[in-house]
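Numbering starts at 1 and runs along the sequence shown. Small disclaimer: the values here were computed from a predicted structure and weren't measured.
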Amino acid sequence: MEEKRQIMQHKITMENREKLFLTGVEDVDSFCEAEIRVYTSEGQLNIKGEDLHMSRLNVDDGELCIEGEIESLVYSNVENRSGGFFSKLFK
């Protein structure tokens, strides 16, 4: 039986370009101190900056908190994806 995924509401809250709270997170594709690539219910989101790190990630609830110096947030629509870092790690 195939599980139906409920589409999560996507919301962004940023505090002083130093802390970013996201909801509607489906997966994290890649991350390093300069860029984090996240799949959300609204498409792929690339977060660029310096000294970025994920202080909290809960994919079940679709929540992510990123800290560091945030320089840009860019959305793109991605049709096909093979699964992100965490989905591959926990298979």
Side-chain angles (χ1 to χ4, degrees):
M1 186 169 159
E2 194 173 311
E3 181 181 326
K4 291 184 181 179
R5 291 186 75 167
Q6 180 180 354
I7 296 177
M8 295 181 265
Q9 181 180 8
H10 177 55
K11 183 172 28 173
I12 295 178
T13 306
M14 188 179 334
E15 295 178 1
N16 300 321
R17 292 181 62 184
E18 296 173 350
K19 189 178 274 191
L20 185 67
F21 297 96
L22 302 168
T23 63
V25 173
E26 297 175 351
D27 203 359
V28 175
D29 185 53
S30 64
F31 61 93
C32 67
E33 290 184 351
E35 182 177 9
I36 299 174
R37 186 176 309 143
V38 179
Y39 290 104
T40 73
S41 57
E42 294 296 319
Q44 180 180 306
L45 175 61
N46 295 326
I47 302 148
K48 293 186 180 182
E50 294 181 18
D51 300 321
L52 298 177
H53 64 277
M54 296 184 295
S55 61
R56 181 180 38 179
L57 172 64
N58 186 334
V59 177
D60 291 333
D61 293 335
E63 297 176 350
L64 174 63
C65 179
I66 297 171
E67 295 179 352
E69 185 178 324
I70 299 161
E71 296 174 355
S72 72
L73 305 171
V74 177
Y75 283 95
S76 61
N77 293 328
V78 177
E79 294 290 327
N80 296 324
R81 64 180 172 120
S82 61
F85 175 79
F86 288 102
S87 67
K88 292 175 187 172
L89 183 65
F90 294 114
K91 278 190 174 180

**Prompt:** Taking C-beta and beyond as the side chain, do Glu69 and Asp51 meet within less than 4.5 Å on heavy atoms?
**Reply:** no
**Request:** Heavy atoms only: give me the nearest Ser41-Gln9 pair and the separation to one decimal.
**Result:** OG-C, 4.2 Å
**Prompt:** With side chains defined as the heavy atoms from C-beta onward, is the minimum distance between Leu52 and Glu33 less than 4.5 Å?
**Reply:** no
**Request:** Can you see which heavy atom on Arg37 is nearest to which on Asn46, and at what distance?
**Result:** CG-OD1, 3.1 Å
**Request:** Identify the heavy atoms of Glu18 and Ile70 that sit nearest to each other, and give their distance.
**Result:** C-CD1, 4.2 Å
**Message:** In the structure I gave you, are the side-chain heavy atoms of Met14 and Leu73 within less than 4.5 Å of one another anywhere?
**Reply:** yes
**Atom pair CG/OG1 of Leu45 and Thr40 - distance to nearest 0.5 Å** = 6.0 Å
**Request:** Check whether any side-chain heavy atom of Ser30 lies under 4.5 Å from a side-chain heavy atom of Glu35, and answer yes or no.
**Result:** no
**Message:** Once rounded to the nearest 0.5 Å, what's the spacing between atom CG of Leu20 and atom CD1 of Ile36?
**Reply:** 8.5 Å
**Prompt:** So, for Glu42 and Tyr75, which heavy atoms are closest and what is the spacing to 0.1 Å?
**Reply:** O-CD2, 4.3 Å
**Item:** Spacing of CG belonging to Asn58 relative to OG1 belonging to Thr23, to within rounding of 0.5 Å
**Value:** 12.0 Å
**Separation of Gln44 CD from Ser76 OG (nearest 0.5 Å)** = 4.0 Å
**Contact summary for Gly24 and Met8, nearest pair of heavy atoms** = CA-CB, 3.7 Å
**Prompt:** Is there side-chain contact between Glu15 and Phe21, with heavy atoms separated by less than 4.5 Å?
**Reply:** yes
**Prompt:** Taking atom CD1 of Ile47 and atom CD of Glu71, what is their separation to the nearest 0.5 Å?
**Reply:** 12.5 Å
**Asked** What is the minimum heavy-atom distance between Ile66 and Met54, and which atoms define it?
**Response** CG1-CG, 4.3 Å
